[in-house]
Amino acid sequence: MGKVLTTCFRFNMDNPEHAKAWDYLHNYDKDKIKSTNVAAITAVNDYFDRMGRLADDPYFETRQREERFVEQIVSEVGKAFIAEMPKFLASLMLSLNSSYPVQFNEIRAVPMGTMDGRGYAEDDRTSKLAPTSATEGLKTSDEDDYSGIDFDFIGG
């Protein structure tokens, strides 16, 4: 065993800070802390390390508080985002469905023998007006306007 030094502490039980320290040293969780020596050594080292950081950086405590505050905000926003996601996805799905309207053509009697190349009855009035494909005239995904949505929350 190396060099071992001993020191004594005095606790004035009339002083609330001293009484609190005494209480901590004598009522600690023995599963987490090995001994009062370990607790005292850790406390002294943390105290003086913190004092050194404060001397080097006077805004150290302020920055720590700000970081805790930002972590709380991010956590709460994340919880709110997760809670609102089902509603957002449902509205998104509804808006996608509503952007592709279903077109119904009028059913008319057509004289026999007038068929187009696909085997459908042809009517001179509607063949020039009707679109040639089911998606013609509809807005494509390339033309969708997402400029009002802030996608910064995705992380990109």
Side-chain angles (χ1 to χ4, degrees), residues 1-107 118 120 126-156:
M1 189 185 250
K3 187 176 181 182
V4 177
L5 301 174
T6 305
T7 188
C8 291
F9 294 105
R10 287 183 303 122
F11 295 93
N12 178 359
M13 299 311 274
D14 292 334
N15 183 331
E17 291 293 315
H18 289 217
K20 185 177 177 182
W22 176 268
D23 213 26
Y24 281 140
L25 287 174
H26 289 87
N27 296 316
Y28 61 89
D29 186 1
K30 292 180 181 21
D31 293 334
K32 294 181 181 177
I33 301 172
K34 295 179 184 178
S35 68
T36 55
N37 281 344
V38 171
I41 290 167
T42 303
V44 168
N45 287 337
D46 287 345
Y47 177 80
F48 285 104
D49 286 346
R50 184 174 189 80
M51 295 301 287
R53 279 184 260 148
L54 280 173
D56 294 340
D57 183 6
Y59 298 106
F60 175 70
E61 285 183 345
T62 305
R63 196 169 28 262
Q64 278 188 321
R65 279 190 299 245
E66 288 173 355
E67 288 172 359
R68 280 194 305 266
F69 182 65
V70 168
E71 286 174 11
Q72 288 174 340
I73 290 172
V74 168
S75 173
E76 292 302 316
V77 167
K79 289 176 189 174
F81 180 76
I82 289 170
E84 294 296 320
M85 185 55 74
K87 292 181 215 171
F88 172 74
L89 290 176
S91 67
L92 181 65
M93 294 304 289
L94 288 172
S95 70
L96 287 176
N97 286 338
S98 67
S99 67
Y100 297 104
V102 178
Q103 295 179 352
F104 295 101
N105 289 331
E106 179 183 329
I107 300 175
R118 296 175 294 176
Y120 295 106
T126 59
S127 63
K128 294 176 183 96
L129 301 173
T132 56
S133 72
T135 59
E136 184 178 304
L138 295 178
K139 200 175 187 185
T140 64
S141 62
D142 294 339
E143 298 168 349
D144 289 342
D145 181 23
Y146 295 115
S147 63
I149 300 174
D150 181 15
F151 289 104
D152 288 343
F153 68 90
I154 295 174

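Quantities reported herein were computed from a predicted structural model and do not represent experimental measurements.
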Tell me, please, which residues at least two apart from Lys32 pass salt bridge (Lys or Arg N to Asp or Glu O under 4.0 Å). none
Exceeds 12 heavy-atom contacts within 6.0 angstrom, atom NZ of Lys34: no
Who are the side chain to side chain donor-acceptor pair (under 3.5 Å) partners of Glu71, not counting sequence neighbours? none
Could you pull out all residues at least two apart from Lys79 that satisfy side chain to side chain contact (heavy atoms under 4.5 Å, CB included)? Ser75, Glu76
Would you list the atom pairs, donor with acceptor, under 3.5 Å between side chains in residues 12-20 and any protein atom, with sequence neighbours excluded?
| unit_1 | atom_1 | unit_2 | atom_2 | d |
| --- | --- | --- | --- | --- |
| Asn12 | OD1 | Asp14 | N | 3.1 |
| Asn15 | OD1 | Glu17 | N | 3.0 |
| His18 | ND1 | Asn12 | N | 3.0 |

Could you pull out every donor-acceptor pair under 3.5 Å between side chains of residues 40-47 and any protein atom, sequence neighbours left out?
| unit_1 | atom_1 | unit_2 | atom_2 | d |
| --- | --- | --- | --- | --- |
| Thr42 | OG1 | Val38 | O | 2.8 |
| Asn45 | ND2 | Ile41 | O | 3.3 |

Phe11: which residues meet the ring-ring contact (aromatic ring centres under 6.0 Å, His included) condition with it, sequence neighbours left out? Trp22
Of all heavy-atom pairs between Tyr28 and Thr36, which one has the smallest distance, and what is that distance? CE2-CG2, 3.3 Å
If you measure from CG on Leu89 to CG on Leu94, what distance do you get to the nearest 0.5 Å? 11.0 Å
